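Small disclaimer: the values here were computed from a predicted structure and weren't measured. Residue numbers count from 1 along this sequence.
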Amino acid sequence: MRTIYLLDYLGVHCGMDYYLEAFRNVLSHIPGCRVEILSNFPDREGSEPFFRNQYKGAVWQKGLNLLRNLARMRRFIRRHPDDIFIYLSYGNRIDLLFMKIVASARRHIIDIHEGIAQNVDAEAGLRKSFASLYSDKIKTVISHSARTEEFLRDFGYRGRTLSVPHFKYVFPKHYDMSRVGDDVARANSADKINLLFFGNLNRSKGVDILLRAFNELSDKEASRFNLVVAGKDFDGSVREVTPKPGRNVSIIARHITDDELRYLYSGADFLCLPYRKTSQSGILEMAFYFKKPIIASDVDYFKKMLTEFPSFGVLAHGGAEGYAKALRHIPRHGAQGFFKDDEYSRYENRVEIENFKKEFASWLSSTDKSGK
């Protein structure tokens, strides 16, 4: 029995538990594999998490927790030379430190969860460091989009690539209202079309585009909608645009708990995805899991998904003006008529995930035989 470890240093900082469980569910169906998650979430038995939350506390505490996490991961990999380590990469500077350690494992994979939406695009020096790491140290990656594969080619990556779309979520959809904060509980409106923007509030996700688009609507057009923006404020872009007076807008700029997430998704009519760039999106997959249609910007990944599954939402072209135009054409009956049965059945049974399992099993077999 092989043991696969999913390594995730962000964990509770970005609500990665749903993705990790979906990933574990897929890998657990590969014969001869046992899957464990090493994150800053408590494990299934409620014991202490593997990583300390390095984003909590004073600056000195954050720094100390980072050093402890790096040291513990280095020791753990050395003690488990025959196991498989899959590291979730986000494109942050801190990934370089973790990835260098993971690359020392005989059998390692970098799951490029979101490798290019954050710092890598902005800083030439950081981009060069990632390019060096991918071209010289990394042997195998998991890619979720063509955009990711493009930057791997730019980096001179020569290893093996396992391709798969975002993994299907498997968590329950019910929520406990006693665990839902008052601000979230008041956010949805029973007599409006509820629009939800969920996730990190930052420029790459286009939260400012959404707010500008909402301001471009006339008072009559805007009166149809109730807009909820919920998630951590990462760079202040949510504060760049002030909603016009009298608009139905709730901005909840804080960490959203699991019960609150499920409450917001359950009450939403449409998910807003005004992103400037993305290589894949767990928020989009979450919308599909709840059968909530999306209003998405025309980045390549969203265009690909809505070309393949056109009844899953609408595409907005051209920044705030184009997004406002898309909002104007949202049908008055709300989200009815989306998610055709045949398309959803095809989505639920995507061959890409089955192909990934076969690819992964083949990779395991090849590493068993080669000893590399």
Side-chain angles (χ1 to χ4, degrees), residues 180-254 256 260-261 263-276 281 283-284 286-287 290-299 302-303 306 310-339:
V180 175
D182 289 343
D183 51 353
V184 172
R186 294 191 303 265
N188 291 331
S189 175
D191 59 350
K192 306 286 184 184
I193 297 174
N194 288 298
L195 307 174
L196 173 62
F197 178 101
F198 178 82
N200 296 334
L201 309 183
N202 60 28
R203 186 168 181 79
S204 69
K205 300 291 180 69
V207 64
D208 58 313
I209 292 174
L210 173 61
L211 293 172
R212 287 191 178 93
F214 205 64
N215 279 349
E216 287 194 17
L217 301 178
S218 69
D219 289 345
K220 183 177 180 180
E221 290 167 337
S223 67
R224 300 168 54 208
F225 300 110
N226 176 61
L227 174 61
V228 181
V229 176
K232 286 185 177 180
D233 179 5
F234 266 67
D235 61 8
S237 55
V238 71
R239 300 190 298 275
E240 290 179 11
V241 183
T242 301
K244 288 183 177 179
R247 300 295 169 96
N248 303 302
V249 181
S250 299
I251 298 177
I252 308 168
R254 62 170 176 80
I256 304 298
E260 290 174 332
L261 176 152
Y263 172 81
L264 289 171
Y265 268 88
S266 295
D269 293 300
F270 291 86
L271 262 292
C272 295
L273 297 166
Y275 292 16
R276 286 183 167 87
S281 172
I283 306 300
L284 172 144
M286 190 84 73
F290 278 88
K291 286 195 173 182
K292 305 296 181 178
I294 62 172
I295 307 169
S297 59
D298 58 353
V299 298
F302 296 155
K303 283 193 288 189
L306 289 180
S311 72
F312 286 16
V314 297
L315 207 61
H317 303 275
E321 184 177 340
Y323 208 89
K325 184 178 180 181
L327 290 174
R328 291 188 182 101
H329 287 86
I330 292 300
R332 293 197 172 275
H333 55 67
Q336 298 174 33
F338 289 90
F339 290 100

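Of all heavy-atom pairs spanning Asn226 and Ser189, the tightest one is ND2-N, 3.5 Å. The nearest pair of heavy atoms linking Cys272 to Phe197 is O-CD1, 3.7 Å. For Leu315 against Leu306, the heavy-atom pair with the smallest separation is CD1-CD1, 3.8 Å. When all heavy atoms of Pro293 and Gly313 are compared, the pair lying nearest together is CB-CA, 4.1 Å. Closest non-hydrogen pair, Arg224 versus Leu327, comes out as NH1-O, 3.9 Å. What you find for Tyr265 and Lys292 is that their closest heavy atoms are O-CE, 2.9 Å.
You'll find the side chain of Arg247 reaches within 4.5 Å of the side chain of Leu217, heavy atoms only. Here the side chains of Asn248 and Lys192 are in contact, with some heavy-atom distance below 4.5 Å. In this structure, Leu227 and Leu211 have side chains that are in contact, with non-hydrogen atoms separated by less than 4.5 Å. Between Leu264 and Asn188 there is a side-chain heavy-atom pair separated by less than 4.5 Å.
Considering CD1 of Ile330 and NZ of Lys325, their distance stands at 13.5 Å, rounded to 0.5 Å. Put simply, CZ on Phe225 and CZ on Phe270 are 7.5 Å apart, with the number rounded to the nearest 0.5 Å. One finds the CG atom of Leu261 at 8.5 Å from the CG atom of Leu196 (value rounded to the nearest 0.5 Å). Put simply, CG on Leu271 and CG on Leu284 are 8.5 Å apart, with the number rounded to the nearest 0.5 Å. Atoms CG and CZ, on Leu273 and Phe302 in that order, are 4.5 Å from each other to the nearest 0.5 Å. Interatomic distance, Lys303 NZ to Ser297 OG, rounded to the nearest 0.5 Å: 9.5 Å.
Using cut-offs of 30° and 60° for the angle between ring planes, the Phe339 and Phe312 rings count as tilted.
Taking a cutoff of 4.0 Å between a charged side-chain nitrogen and a carboxylate oxygen, Asp235 and Lys205 do not qualify as a salt bridge.
Remark: the backbone N or O of Ala296 is not paired with any side-chain donor or acceptor of Tyr275 at under 3.5 angstrom. Under the 3.5 Å distance criterion, the side-chain polar atoms of Asp208 are left unmatched by any main-chain donor or acceptor of Val241.
Within 6.0 Å of atom CD in Glu221, more than 12 heavy atoms from other residues, nucleotides or ligands are found, so the atom counts as buried in its surroundings.
Under the side chain to side chain contact (heavy atoms under 4.5 Å, CB included) criterion, Arg254 pairs with Asp183, Val184, Ile252, Ile256, Glu260, not counting sequence neighbours.
Between Leu195 and the options Ile295, Val228, Val249, a side-chain contact (heavy atoms from CB on, under 4.5 Å) holds for only Ile295.
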